[in-house]
Amino acid sequence: MNFTEIEKKWQKRWEDEKLYSFDTSKRDNKYYVLEMFSYPSGAKLHVGHWYNYGPSDTFARFMRMSGKEVFQPMGFDAFGLPAENYAIKTGIHPKDSTLKNIATMEKQLKAMGASFDWDYEIKTCMPDYYKWTQWLFLQFYKHGLAYRKEAPVNWCPSCNTVLANEQVVDGCCERCGTTVVRKNLTQWFFKITAYAEELLAGLDKIDWPEKTKAMQRNWIGKSTGGEIVFTCESGDKFSVFTTRADTVFGVSYVILAPEHPLVDKLTTPERKAEIEAYKLACSKATEIERLSTSREKTGAFTGAYCINPVNGKRVPIWIGDYVLYSYGTGAVMGVAAHDERDYDFAKKFGLDIVRVIRSADGGDDSLPYCEHGVLVNSGKYDGMTTDEAKVAIVKDLEKNGNGALKTNYRLRDWLISRQRYWGCPIPIIHCPHCGEVPVPEDQLPVELPYDVDFAPDGKSPLLKCEPFMNTICPVCGRPARRDPDTLDTFVCSSWYFLRYPDAHNDKQAFDPEIINKMLPVDKYIGGAEHACMHLLYARFFTKALRDMGYLNFDEPFSSLVHQGVILGPDGNRMSKSKGNVISPDEYVGKYGSDAFRLYLMFGFSYVEGGPWNTSGLESIVRFMERVERLVKKSVDLGTKNGEYGKAEKDLDFVRHNTIKRASDDLKVFSFNTAIARLMEFVNAMYKYMDGNINAAFLRECVEDFVLLLAPFAPHFAEELHEMLGHRESVFKRAYPTCNEKALVRDEYEMAVQVNSRVKAKIVVPADADNKAIEETALADDAVKTALGTLRPVKVIVIPKRIVNIVAK
RNA sequence: GCUUGUGUGGCGAAAUGGCAGACGCAAGGGACUUAAAAUCCCUCGGGGAGGACCCGUACCGGUUCGAGUCCGGUCACAAGCACCA
């Protein structure tokens with residue numbers, strides 16, 4: 001069979017018949033399968049795309065054959081940095097390169113033979129989409145979830161431009177090598193922290209990989225503790241957040257983040273130079289470096305002091321880069337005796353180390369002592385446990401306004417503005433008289449202008465486009481300027497799943513009535529690298545829109561699966577620079593899409609992925625040819641009925657076992673084991689053909705097999721299905737269901753262990769009780785021999801599996 | 001560094017706490033063929049003799065009648081760490 005030829009034939013037929021069109025009258029029976037959409041990069045479809053989309057299409061086809069009205073759309077996450085960088089390098093406009101790339105990818109995705117319904121395609125860079133991204137931004141703005149504040153960015157002083165973290169290599173600009181510094185800019189934020197608690201709680205209700213949920217929980221990073229106010233000798237106040245208020249009597253210094261606004265004010269004149277130098281040094285360190293616990297602690301003394309509110313002690317104020325301005329209050333109390341980092345810091349700078357906690361059982365008393373324990377040197381709190389004192393001290397401080405119990409989250413608000421061209425313009429107008437004014441909804445979209453100079457020179461590219469920037473204030477009608485920033489592309493991808501089912505609505509972002517029926521997504525498939533960002537942002541959007549009254553569900557993706565990563569043959573991540581990139585085209589051209597997809601499903605554990613290896617691909621082709629011969633043979637044999645004896649019963653067992661196992665495995669994305677079962681079924685049919693053949697029965701098995709195979713190798717199965725004399729598409733047929741009766745066995749083989757070593761096999765009737773199994777085991781000759789002079793003291797029987805005789 | 005995972009034959013991988021290595025690749029042997037390809041059959045973790053038996057799921061320890069699986073620790077690798085998407 002010429003696989004590549006039949007693929008074209010069937011793809012055309014599917015398209016002509018609109019086989020995969022979603023029937024909107026059957027929304028009640030919908031099953032929404034969604035693969036994370038693609039970024040249209042310059043290269044062709046990568047093995048990673050095939051690995052994401054191929055197996056999930058198999059799942060979608062299985063659900064379709066299982067009677068669900070499957071909705072499986074596809075689209076493109078088309079804004080983003082790479083297209084802009086490409087444009088800077090080559091002069092090709094991002095819009096032109098992106099649309100061209102999309103056209104190529106569409107063609108390739110179609111050639112893959114996936115059952116996408118292209119009628120619902122989305123491209124985030126088109127005005128008919130980003131109009132609604134802007135509309136959503138405005139809703140967030142109106143509900144107080146979008147705001148502006150100063151935030152640090154990576155800044156290249158030579159290129160005069162903001163850099164993405166990715167563009168910073170070893171602390172230097174990837175383009176010119178200049179040392180990158182951090183600089184504050186006024187930026188737009190979404191208040192995702194308002195949903196921290198619900199984002200955390202919601203994780204318990206969704207069917208997601210545990211590891212992803214664990215990552216999100218830690219990312220949100222809830223911790224309960226207290227805020228304690230320290231008053232400076234200058235009269236200024238600042239608070240620290242701590243989970244260990246019980247150690248507050250042990251404070252020997254406090255540290256402010258170098259970016260803390262009080263630093264400049266507090267620093268004494270003689271310390272100014274040192275502090276400034278230190279701040280400059282900090283602006284060059286990345287956050288990851290700053291948080292490293294193994295890095296040597298650094299810091300500088302401001303010369304100022306504050307008062308410890310619990311004991312009136314005078315405490316020096318330092319700055320240190322292990323304190324982040326973005327977490328907690330941007331200040332911590334230094335308790336050298338009971339915190340690793342504080343201990344290192346105090347040791348290095350010769351600060352006091354005061355013990356205020358000892359272990360409850362008088363055990364290990366070395367410092368730093370970071371466990372919970374009992375208070376000492378803490379005045380009236382001496383003798384309290386950590387848990388008691390943590391609350392008692394803060395409550396006492398609260399009476400004087402010097403403290404409060406507080407829950408803190410590591411999660412920060414989402415910085416959404418970018419000083420870039422190729423993104424969705426922010427629909428805000430800055431009016432000299434009226435201030436920040438949202439663009440009226442009837443003026444959307446704010447179109448991204450085409451003719452813009454986006455060479456990096458220190459300004460947002462749109463800022464240099466006067467026709468774009470100059471506008472009229474919608475409130476007062478006087479000249480005003482547009483916001484020159486664009487939105488983070490994660491904003492575009494935080495709601496695309498809501499747009500798909502109503503993709504062409506030009507009146508609203510989506511019709512809530514439709515969306516409430518079509519969502520949540522029943523199965524979402526994509527890379528694990530999105531665990532903490534995209535997947536969290538999408539959840540945030542869903543919850544915010546629910547509170548605004550547009551949605552009636554809480555979570556966008558009820559069930560989530562991550563595919564693994566296919567590595568290069570050398571075991572490294574595929575990259576052009578390593579020269580280990582595998583091009584699917586070469587193999588697809590030679591063996592066809594079905595063989596390639598089967599190989600990807602069979603050769604790897606789906607969630608693990610692994611290194612590419614070509615040899616398995618040929619074996620898949622051999623398997624397909626073996627299947628083809630089997631079907632031809634069955635066609636030749638005809639359908640004459642014959643005897644149903646032991647051979648038939650045995651084959652029937654394999655047949656129904658295959659149906660059961662393949663279906664169960666497909667439900668959990670265990671494609672490799674499902675295909676292994678299909679191979680066993682084929683092997684069993686070949687073995688059966690060695691004896692007397694009941695042609696009618698064999699045909700039944702072959703028919704079932706072709707149906708079982710269909711989701712895995714759609715074109716091939718269609719062809720076989722046609723060979724068997726069927727006219728309609730195999731995807732209009734139902735997936736075979738298991739006849740449990742065929743799986744009932746009269747007897748089982750069980751292993752018998754003596755002292756946990758297998759010594760014998762026994763066969764027992766299926767309905768034997770534990771007592772009977774034990775007796776059979778003890779009566780077995782091999783068991784008797786193994787026991788020798790030992791006497792059984794205990795017999796453990798696990799029905800249908802094992803007997804273990806414990807003997808002395 | 002922090003968070004989260006992963007570690008099983010020559011290779012890809014399977015194993016609700018219950019016979020480790022299903023299914024396949026590679027390799028070796030055989031059948032068919034003038035020959036080759038294709039196809040079919042057999043062997044295939046290590047030691048031992050092709051037996052009995054012993055060892056074996058990164059390493060060390062623990063729980064259990066029984067551990068690849070659960071618990072504690074160690075090592076190695078991978079992903080993410082907030083402007084790549």
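Below, read A as the first sequence line, B as the second, and so on, with proteins coming before strands; counting in each chain starts at 1.
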Glycosidic conformation of G51(B), taking syn as within 90° of 0 and anti otherwise: anti
G30(B) versus A49(B) - spacing of their C1' atoms, nearest Å: 23 Å
Nearest-Å distance once atom P is located in both U8(B) and U69(B): 13 Å
Plane angle bin for Phe669(A) and Tyr606(A) - parallel if under 30°, tilted between 30 and 60°, otherwise perpendicular: tilted
Side-chain donor-acceptor pair present, Gln419(A), Asp485(A), cut-off under 3.5 Å: yes
Touch class at under 4.0 angstrom, heavy-atom based, for Arg757(A) against every strand present: sugar-phosphate
Presence of salt bridge, Arg418(A) and Asp488(A), under 4.0 angstrom: yes
Residue whose closest nucleotide on RNA chain B lies nearer the 5' end, Asp77(A) versus Gln753(A): Gln753(A)
Pair Arg622(A) + Glu625(A): basic N to acidic O under 4.0 Å: no
Rounded distance (Å) that lies between atom P of U6(B) and atom CE of Met215(A): 12 Å
Salt-bridge contact Glu150(A)-Arg182(A) (side-chain N to carboxylate O under 4.0 Å): no
Separation between the P atoms of C25(B) and U74(B), rounded to whole Å: 42 Å
Donor/acceptor link under 3.5 angstrom from Arg801(A) side chain onto base of U16(B): yes
Separation of atom CD in Glu618(A) from atom P in A26(B), rounded to whole Å: 8 Å
Geometric class of the Phe79(A)/Trp422(A) ring pair [parallel <30°, tilted 30-60°, perpendicular >60°]: perpendicular
Test: Lys632(A) and Glu628(A) ion pair at under 4.0 Å: yes
Atom-pair distance (CD on Glu529(A); C1' on G5(B)), nearest Å: 14 Å
Among Tyr195(A), Phe189(A), Tyr147(A), Tyr537(A), the one residue meeting ring-ring contact (aromatic ring centres under 6.0 Å, His included) with Trp414(A): Tyr537(A)
Short side-chain N/O contact to G24(B) OP1/OP2 from Asn683(A), under 4.0 Å: yes
Parallel, tilted or perpendicular: ring planes of Tyr591(A) versus Tyr587(A), cut at 30 and 60 degrees: parallel
Atom-to-atom span, CH2 of Trp219(A) to C1' of A79(B) - whole angstrom: 13 Å
Sugar-phosphate only, base, or nothing, as touched by Val752(A) at under 4.0 Å among non-hydrogen atoms: nothing
Under-3.5 Å donor-acceptor pair between Arg622(A) side chain and A38(B) base: no
Pairwise C1' distance, U57(B) and G45(B) [rounded to whole Å]: 11 Å
Closest-nucleotide 5' rank along RNA chain B - winner of Phe604(A) and Lys761(A): Phe604(A)
Rounded distance in Å - CD (Glu628(A)) to P (A38(B)): 17 Å
Separation between the C1' atoms of C23(B) and A14(B), rounded to whole Å: 8 Å
Rounded distance (Å) that lies between atom C1' of A82(B) and atom NE2 of His534(A): 15 Å
Nearest-angstrom distance, C1' atom, U63(B) to C71(B): 7 Å
Interface with RNA chain B, restricted to residues 660-668 of chain A and to heavy atoms under 4.0 Å: none
Dot-bracket encoding per residue of RNA chain B, Watson-Crick/G-U cut-off under 3.5 Å, | denoting interstrand: (((((((..(((.....[....))).(((((.......))))).(((.....)))..(((((..]....))))))))))))....
Nearest-Å distance once atom P is located in both C83(B) and G72(B): 34 Å
Spacing between Asn572(A) atom CG and C77(B) atom P, to the nearest angstrom: 12 Å
Touch class at under 4.0 angstrom, heavy-atom based, for Gln216(A) against every strand present: nothing
Sugar-phosphate, base or nothing in reach of Phe490(A), heavy atoms under 4.0 Å: base
A85(B) OP1/OP2 closer than 4.0 Å to side-chain N/O of Thr489(A): yes
Phosphate-side-chain proximity, Lys759(A) and C53(B), N/O vs OP1/OP2 below 4.0 Å: yes
Atom-pair distance (CG on Leu536(A); P on C81(B)), nearest Å: 13 Å
Under 4.0 angstrom between Ser756(A) side-chain N/O and G18(B) OP1 or OP2: no
Touch class at under 4.0 angstrom, heavy-atom based, for Leu81(A) against every strand present: sugar-phosphate
Phosphate contact (G24(B) OP1 or OP2) by Arg677(A) side-chain N/O below 4.0 Å: no
Contact under 4.0 Å: Arg418(A) side-chain N or O vs C83(B) OP1/OP2: yes
Rounded distance in Å between the C1' positions of A36(B) and A31(B): 16 Å
Under 4.0 angstrom between Asn165(A) side-chain N/O and A82(B) OP1 or OP2: yes
Sugar-phosphate only, base, or nothing, as touched by Gly609(A) at under 4.0 Å among non-hydrogen atoms: sugar-phosphate
Sugar-phosphate, base or nothing in reach of Arg573(A), heavy atoms under 4.0 Å: sugar-phosphate
Distance under 6.0 Å and angle within 45° of ring axis: Arg410(A) vs Trp219(A): yes
Parallel, tilted or perpendicular: rings of Phe604(A) and Tyr599(A) (30°, 60°): perpendicular
Contact check, side chains of Asp665(A) and Ser663(A), non-hydrogen atoms, under 4.5 Å: no
Below 4.0 Å: OP1/OP2 of C11(B) and any side-chain N or O of Asn613(A): no
Residue-phosphate contact under 4.0 Å: Asn672(A) side-chain N/O, A14(B) OP1/OP2: yes
Heavy-atom pair with the smallest gap, counting every atom of Pro40(A) and Met105(A): CA-SD, 3.5 Å
Distance-only donor-acceptor test, Gln167(A) side-chain atoms vs C84(B) base atoms, 3.5 Å: no
